[in-house]
Amino acid sequence: MATEGLAGALATVLGGKGLLVQSCDSEPAGKPLLPVRLRKNVCYVVLAVFLNEQDEVLMIQEAKRECRGTWYLPAGRMEPGETIVEAMQREVKEEAGLLCEPVTLLSVEERGASWIRFVFLARPTGGVLKTSKDADSESLQAGWYPRVSLPTPLRAHDVLHLVELGAKFCQQAMHPLILPQELPCNVVCQRLVTAFTTVESVWVLVGTVGTPHLPITACGFTPMEQRGGIKVAILRLLQECLTLHSLAVETKGLLGLQHLGRDHVDGICLNVLVTVAFRNPGIQDEPPKIRGENYFWWKVLEEDLQKQLLYRLQESSVIPLSR
């Protein structure tokens with residue numbers, strides 16, 4: 001791929017869009033990667049945060065036996081054949097009675113590649129709010145409650161952080177509006193925008209096997225990778241080409257993600273922004289040396305593209321990726 005091709009790929013990813021996953025540059029050692037399947041080796045969860053003009057939050061009262069009567073945000077597991085957005089819309093309709101549309105992804109949470117939760121900021125577009133007369137196995141009722149006085153007992157207190165994240169975004173967007181892109185992927189993987197910056201320049205790590213491209217690392221399902229989370233896959237790829245003991249590696253967050261869901265294609269590719277810096281202070285005019293021939297540092301020369309990347313880095317203008 002010529003420099004123009006790399007610039008186009010970087011612009012696409014920075015814009016929250018997706019690119020087809022052709023292959024992975026780094027894979028876990030051992031058994032070959034198998035396609036992921038919902039309800040077999042992966043579980044995806046969706047959750048929606050709604051805030052109205054009165055600063056009220058949409059809450060649902062749980063009907064499940066183990067948490068019956070407690071309150072939570074509309075949420076649930078994805079089903080085979082669904083896109084991520086379709087799953088969120090279905091859960092909101094089932095639990096709250098409302099039709100809705102997503103505004104943006106707010107957060108992505110993971111416990112390794114086998115469990116990932118997608119948190120949306122959403123807005124209602126129709127439907128009828130579920131009351132206690134409509135109670136069923138999905139929920140007992142739904143209602144709007146002041147953000148500073150949510151109903152109790154809560155099923156879990158993790159919703160408090162998510163509600164505040166949604167409120168903060170409504171007041172001042174921390175990142176562009178980003179929604180999942182519908183593109184196929186067979187595995188859980190991460191496309192890395194790995195940046196090294198100096199006062200005047202920005203470099204991005206590029207894979208060379210095949211056409212030069214933003215490198216992709218596959219997430220594994222070993223106990224170690226599950227314990228360490230999907231960031232283990234990032235470090236694995238970087239260890240293959242860099243001497244990490246002298247470097248500080250930071251995962252900034254997500255630039256976007258892609259998933260299809262149809263035709264038993266359940267994989268996900270997360271586009272992740274990563275920084276690499278020298279641990280020892282001092283002026284460094286060049287990026288760290290690459291080991292081997294499978295990667296190189298590409299110096300970003302296009303001014304607009306460089307500004308976009310630096311802004312996303314300096315302002316942490318990314319979707320939080322947390323455990």
Side-chain angles (χ1 to χ4, degrees), residues 13 17-48 64 66 74-95 102 105-120 137-138 178-192 213-237 251 254-272 319 321-323:
V13 172
K17 305 301 181 183
L19 299 165
L20 283 175
V21 175
Q22 305 291 353
S23 61
C24 293
D25 297 273
S26 177
E27 297 183 1
K31 297 179 181 178
L33 282 177
L34 297 175
V36 297
R37 292 287 183 268
L38 274 176
R39 295 186 176 177
K40 292 186 178 179
N41 55 0
V42 292
C43 174
Y44 302 147
V45 178
V46 290
L47 181 147
K64 303 180 190 71
E66 63 272 19
R77 295 184 180 186
M78 283 179 58
E79 296 179 357
E82 290 182 313
T83 68
I84 300 172
V85 169
E86 287 169 349
M88 184 273 291
Q89 291 171 323
R90 174 184 53 76
E91 287 291 346
V92 171
K93 181 67 170 64
E94 290 174 351
E95 296 188 344
L105 279 163
L106 272 182
S107 174
V108 174
E109 303 162 344
E110 53 91 9
R111 299 175 190 166
S114 63
W115 189 94
I116 302 175
R117 182 164 76 169
F118 307 95
V119 178
F120 287 90
S137 61
E138 299 294 340
I178 298 171
L179 294 174
Q181 300 297 297
E182 294 183 17
L183 286 170
C185 184
N186 285 318
V187 298
V188 177
C189 62
Q190 299 170 81
R191 177 182 287 109
L192 305 185
H213 58 277
L214 297 173
I216 295 177
T217 181
C219 300
F221 292 85
T222 64
M224 184 197 75
E225 295 217 17
Q226 291 302 298
R227 287 193 303 271
I230 62 177
K231 293 178 184 178
V232 170
I234 297 174
L235 294 175
R236 181 190 345 106
L237 183 144
T251 301
L254 293 184
L255 297 164
L257 64 90
Q258 55 198 66
H259 165 268
L260 187 61
R262 301 185 184 94
D263 303 318
H264 306 291
V265 181
D266 294 328
I268 286 177
C269 180
L270 306 172
N271 294 328
V272 184
I319 299 167
L321 176 61
S322 58
R323 284 182 60 73

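FYI, side chains are in, hydrogens and waters are out, and symmetry mates aren't considered; it's all heavy atoms of this structure.
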request  = Using the side chain to side chain contact (heavy atoms under 4.5 Å, CB included) rule, take S114 and C43 through it: C-alpha gap first, then chi angles, then the decisive distance, then the call.
outcome  = CA-CA 6 Å; S114 63; C43 174; over 6 Å; no
inquiry  = Check this for me, if you would: do E225 and R236 make a salt bridge, where the nitrogen-to-carboxylate-oxygen distance has to be below 4.0 angstrom?
reply    = yes
message = Just so I know, are the side chains of L47 and F120 near enough to count as touching, which here means a heavy-atom distance under 4.5 Å?
response = no
task = Check each of V85, V45, I268, L106 against F118 using the side-chain contact (heavy atoms from CB on, under 4.5 Å) test, and report the only one that passes.
result = I268
query = Would K64 and E138 pass as an ion pair if we require N to O under 4.0 Å?
reply = no
key: Full working for side chain to side chain contact (heavy atoms under 4.5 Å, CB included) between T222 and Q226   = CA-CA 6 Å; T222 64; Q226 291 302 298; over 6 Å; no
inquiry  = When you measure from the side chain of R111 to the backbone of I116, do you find a donor-acceptor pair of N or O atoms at a distance under 3.5 Å?
reply    = no
query = Do you know the tightest heavy-atom contact between E82 and A87?
reply = OE1-CB, 3.3 Å
message = Just so I know, are the side chains of V272 and T251 near enough to count as touching, which here means a heavy-atom distance under 4.5 Å?
response = yes
remark   = Looking only at heavy atoms, the pair that brings V92 and P74 closest together is CG2-CB, 4.0 Å
ask   = Looking only at heavy atoms, what is the nearest atom pair of C185 and V21, with distance?
value = SG-CG2, 4.1 Å
remark   = Separation between SG (C24) and CG (L33), nearest 0.5 Å, reads 6.5 Å
task = Inspect the surroundings of CZ in R77 and state if more than 12 heavy atoms from other residues, nucleotides or ligands are less than 6.0 Å away.
result = no
ask   = Would you say L270 and Q258 make side-chain contact, with heavy atoms under 4.5 Å?
value = no
task = Let me see the working for F221 and L34 under side chain to side chain contact (heavy atoms under 4.5 Å, CB included), right down to the final yes or no.
result = CA-CA 10 Å; F221 292 85; L34 297 175; over 6 Å; no
query = Can you tell me how far the CD atom of E95 sits from the NZ atom of K93, to the nearest 0.5 Å?
reply = 12.5 Å
request  = Identify, with sequence neighbours excluded, every residue that meets salt bridge (charged side-chain N to carboxylate O under 4.0 Å, His left out) alongside R323.
outcome  = E110
ask   = Where do L257 and L105 come nearest, in terms of heavy atoms and distance?
value = CD2-CD1, 3.6 Å
query = Is the shortest heavy-atom distance from the side chain of I230 to the side chain of L321 under 4.5 Å?
reply = yes
request  = Please confirm whether the backbone N or O of T83 pairs with a side-chain atom of E86, one donor and one acceptor, at under 3.5 Å?
outcome  = yes
task = Kindly give the heavy-atom pair with the smallest separation between V42 and A113, and that separation in Å.
result = CG1-O, 3.7 Å
task = Could you tell me the separation between the CG atom of L19 and the CZ atom of R191, rounded to the nearest 0.5 Å?
result = 4.5 Å
task = Taking atom types as modelled, find out whether D266 and H259 have a side-chain donor-acceptor pair closer than 3.5 angstrom.
result = no
task = Report yes if some heavy atom in the side chain of P80 is under 4.5 Å from a heavy atom in the side chain of R37; otherwise report no.
result = no
remark   = SG (C189) and CD (E27) are apart, to the nearest 0.5 Å, by 10.0 Å
ask   = To the nearest 0.5 Å, what is the distance between SG (C269) and CG (L260)?
value = 13.0 Å
note = dist L254:CG -> Q190:CD (nearest 0.5 Å) comes out at 8.0 Å
query = So M88 and E91, side chain to side chain contact (heavy atoms under 4.5 Å, CB included) or not? Walk me through it.
reply = CA-CA 5 Å; M88 184 273 291; E91 287 291 346; 6.0 Å; no
query = Within the distance-only criterion (no hydrogens, no angle test), does the side chain of D25 pair as donor or acceptor with the backbone N or O of T217 below 3.5 angstrom?
reply = no
key: Nearest heavy-atom neighbours spanning P28 and C219   = CG-C, 4.2 Å
ask   = Is R90 paired with E79 through a side-chain N to carboxylate O contact shorter than 4.0 Å?
value = yes
